[in-house]
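Accompanying notes for the structure given below.
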Amino acid sequence: MANSKYEYVKSFEVEDEVMPPNLIVVRIDGRGFRRFSEVHEFEKPNDERALNLMNSCAAAMLEEYPDIVFSYGFSDEYSFVFKKTTKFYQRRASKIVSLVVSFFTSIYTTKWKEFFPHKELRYPPSFRAWVICCASMEVLQTYLAWRQNDCHINNQYNTCFWMLVKCGKTEEEAQEVLKGTHKQEKNELLFQQFGINYKNLPSMFRQGSCVCKTQVEAIVKYSENGTPVKRLRRKPIIVHSDNIAARSFWNEHPFLLKELGDFREDINNIKPEYVKSFQFENKLMPLTWIVVRIDGCHFHRFSEVHEFEKPNDEQALNLMNSCAVAVLEQFKDVIFSYGVSDEYSFVLKKDSQFYQRRGSEIVTALVSYFTSIYVMKWKEFFPQKELKYPPCFDGRAVLYPTSEILRDYLTWRQVDCHINNQYNTCFWMLVKSGKSKSEAQAYLKGTQAREKNEVLLQQFGIDYNTLPLMFRQGSSAFWNEEEKTGMYENGASAEKSGKKVVVEQCNIIEQSFWEAHPSILNEKPHMV
Ligand code: ATP
Ligand code: ATP
Ligand code: MG
Ligand code: MG
């Protein structure tokens, strides 16, 4: 096949399976939520609706992914614990972490209106995420204790801080008052100055929230004579507890004991070496091109449910392109991107120091932002169509050591676009002319490119090469430096009129594209 020459680039994709018996935990955290909460006027220190929205998203997550058996969150973060025996996406870390963050973002953006009916979403919320491997139940227990301890410390501090600010202190003064104070002193300050008994504050603020699963009897169908057929089903419920790492809490939930195991004993101190392992992050190799490729999850179904035109829905492609432009504008280290169908590849510059090259953060920030924009812009591109369920994308980072290999990667994607589009065009023409899907499939099996073009021309009068370029070549989004706008009378050249992101349908396989845009890969023009 024509593609095979470039397929070697696939070998740069590395395996990242989390080996059993490690338990898989995914933690997500809002990106820049300090600003997000200010812009959206969250009540301080705790906006209850914002917390309820987070909880509702977490519950939706447990509903969507049965392998997630427990989750815990507070403020702008949530942790999701997978069952011991999970085989979810073959336990591949980047798949799991990107899907979780994407799905969560999608739900958050979709549900915003439900929780804030009077507030517009001013800009797309997004999250970062990490996989935390817990080698034993004791490690998981420590992880949970660590997160809940953070919740407690933050909330106590924030409660004091905002009470001081509300009583007239500046933020700097409030900070100064609290500097170096202990727990006990903070509680006293609250009580003596403001008459607040910390223990009486809502448990959701002090303890964070958990999502567990409970069994309920649900009607699954009706039998012929109309009697309901009931089955036990697991339904997520929100619970609060002052110590989620305690044996007593765990023992109240037989489902957790079954899917994860039990805690041998209560822990009194959080081992620092464990905490260090929770914070450990892999960095991507320096001075290599980073490509983050995202791909729509189950878009075959998504495109059917949303009645995309086949084989190519132009508006759906325009929406993807528009999201890619937003990604380039938001993440300045992304210098080029190429997209087709439900996928987009983002190239980060070789010497990028974005998130100190921590792979998980780079991938999840991009995929989360992309998802958020996709949901927010949906109505703009499909004014007549409701979003029936939240779309989500997976993502991975792949490293390429040289520009030649990077270009082979991009070539691989564009060749793939061509092969798929040619096949899909034939397939859908055959289907539209009355063949069943399996007949169309059988008809095209083993046909070469030339034969497909003949089918199109002879049976349907379509000259493949006249189809829209966007369908045949995919789209590239990149920063283009605009031409100089002209010369002033005194002969001095005008300032460059700024850069902007453009979307073009280009042949990125050929040398000429890269020669015409030497700044993208920072290569010298016309090298021979
Ligand atoms: P980063 O991108 O590094 O995560 P961040 O701005 O999100 O930065 P965090 O340390 O994650 O900072 O803290 C989250 C911030 O979001 C808190 O400072 C808090 O002010 C705000 N926040 C989140 N949820 C709420 C809420 N329900 N009510 C009020 N404020 C909230
Ligand atoms: P996975 O979760 O493994 O990615 P998938 O269902 O998303 O599975 P892909 O191989 O990614 O499968 O293919 C994407 C599918 O989405 C295509 O088969 C196509 O049917 C559909 N699709 C995506 N974008 C469009 C579009 N613009 N117009 C029509 N169909 C589209
Ligand atoms: Mg945050
Ligand atoms: Mg897909």
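Whatever order the structure lists them in is the order used to number ligands and atoms, beginning at 1.
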**Item:** the Mg ion (ligand 3): protein N, O or S atoms [distance under 2.8 Å]
**Value:**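 Those protein N, O or S atoms (cut-off: under 2.8 Å from the Mg ion (ligand 3)) are Asp29 OD1, Gly30 O, Asp76 OD2.
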At a 4.0 Å threshold, what atoms of ligand 2 neighbour a non-hydrogen atom of [X]?
X      : value
Asn312 : 28 (N)
Ser341 : 14 (C), 22 (N), 23 (C), 24 (N)
Cys297 : 2 (O)
Ala316 : 27 (N)
Leu317 : 27 (N)

**Prompt:** Once you round to the nearest 0.5 Å, how far does SG of Cys392 lie from CG of Leu99?
**Reply:**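 Here the rounded value is 5.0 Å.
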**Request:** Report the distance from atom OH of Tyr409 to atom CD of Glu13, rounding to the nearest 0.5 Å.
**Result:**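 Going from the OH atom of Tyr409 to the CD atom of Glu13 covers 7.0 Å.
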**Message:** Under the criterion salt bridge (Lys or Arg N to Asp or Glu O under 4.0 Å), I'd like the reasoning laid out for Lys349 against Asp333: C-alpha separation, chi angles, the key distance, then a yes or no.
**Reply:** CA-CA 6 Å; Lys349 62 181 187 185; Asp333 282 7; 3.8 Å; yes
**Prompt:** Do other residues, nucleotides or ligands put more than 12 heavy atoms under 6.0 Å from Gln448 CD?
**Reply:**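 Incorrect, the count does not exceed 12.
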**Prompt:** Has Lys95 got more than 12 heavy atoms of other residues, nucleotides or ligands less than 6.0 Å from its NZ?
**Reply:**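 Counting neighbours around NZ of Lys95, more than 12 heavy atoms of other residues, nucleotides or ligands fall under 6.0 Å, so yes.
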**Request:** Can you tell me which residue pairs pass the side chain to side chain donor-acceptor pair (under 3.5 Å) test with a partner in residues 115-127, sequence neighbours excluded?
**Result:**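 Qualifying pairs, neighbours excluded: Arg31-Ser126.
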**Message:** Apply ring pair (Phe, Tyr, Trp, His ring centres under 6.0 Å) to residues Tyr78 and Phe80 and explain how you reach the verdict.
**Reply:** CA-CA 7 Å; Tyr78 241 102; Phe80 298 94; 5.7 Å; yes
**Request:** Using the six-membered ring wherever Trp is involved, compare the ring planes of Phe308 and His306 and label them parallel, tilted or perpendicular (cut-offs 30° and 60°).
**Result:**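 If you compare the ring of Phe308 with that of His306, the planes turn out tilted.
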**Asked** Hey, what's the ring geometry for Phe299 with Tyr374, parallel, tilted or perpendicular (30° and 60° as the breaks)?
**Response**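 Judged by the thresholds at 30° and 60°, the geometry between Phe299 and Tyr374 is perpendicular.
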**Prompt:** Side chain or backbone of Ser303 under 4.0 Å from ligand 2, or both, or neither, by non-hydrogen atoms?
**Reply:**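 The answer is the side chain.
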**Asked** Where's the contact between Asp295 and ligand 2, heavy-atom distance under 4.0 Å: side chain, backbone, both or neither?
**Response**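 It is the side chain that touches ligand 2; the backbone stays farther off.
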**Prompt:** Is there a side chain to side chain contact (heavy atoms under 4.5 Å, CB included) between Asp313 and Ser303 once you walk through the steps?
**Reply:** CA-CA 9 Å; Asp313 189 295; Ser303 64; over 6 Å; no
**Prompt:** Who passes salt bridge (charged side-chain N to carboxylate O under 4.0 Å, His left out) against Asp408, sequence neighbours left out?
**Reply:**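 Salt bridge (charged side-chain N to carboxylate O under 4.0 Å, His left out) list for Asp408, sorted by chain: empty.
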**Request:** Indicate whether any N or O donor in one side chain lies under 3.5 Å from an N or O acceptor in the other, for Thr371 and Ser106.
**Result:**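 No donor-acceptor contact under 3.5 Å links the two side chains.
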**Every residue of the protein that comes under 4.0 Å of ligand 1, judged on heavy atoms** =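 Residues near ligand 1: Asp29, Gly30, Arg31, Gly32, Phe33, Arg34, Ser37, Phe42, Glu43, Lys44, Pro45, Asn46, Asp47, Ala50, Leu51, Ser75, Asp76, Arg128.
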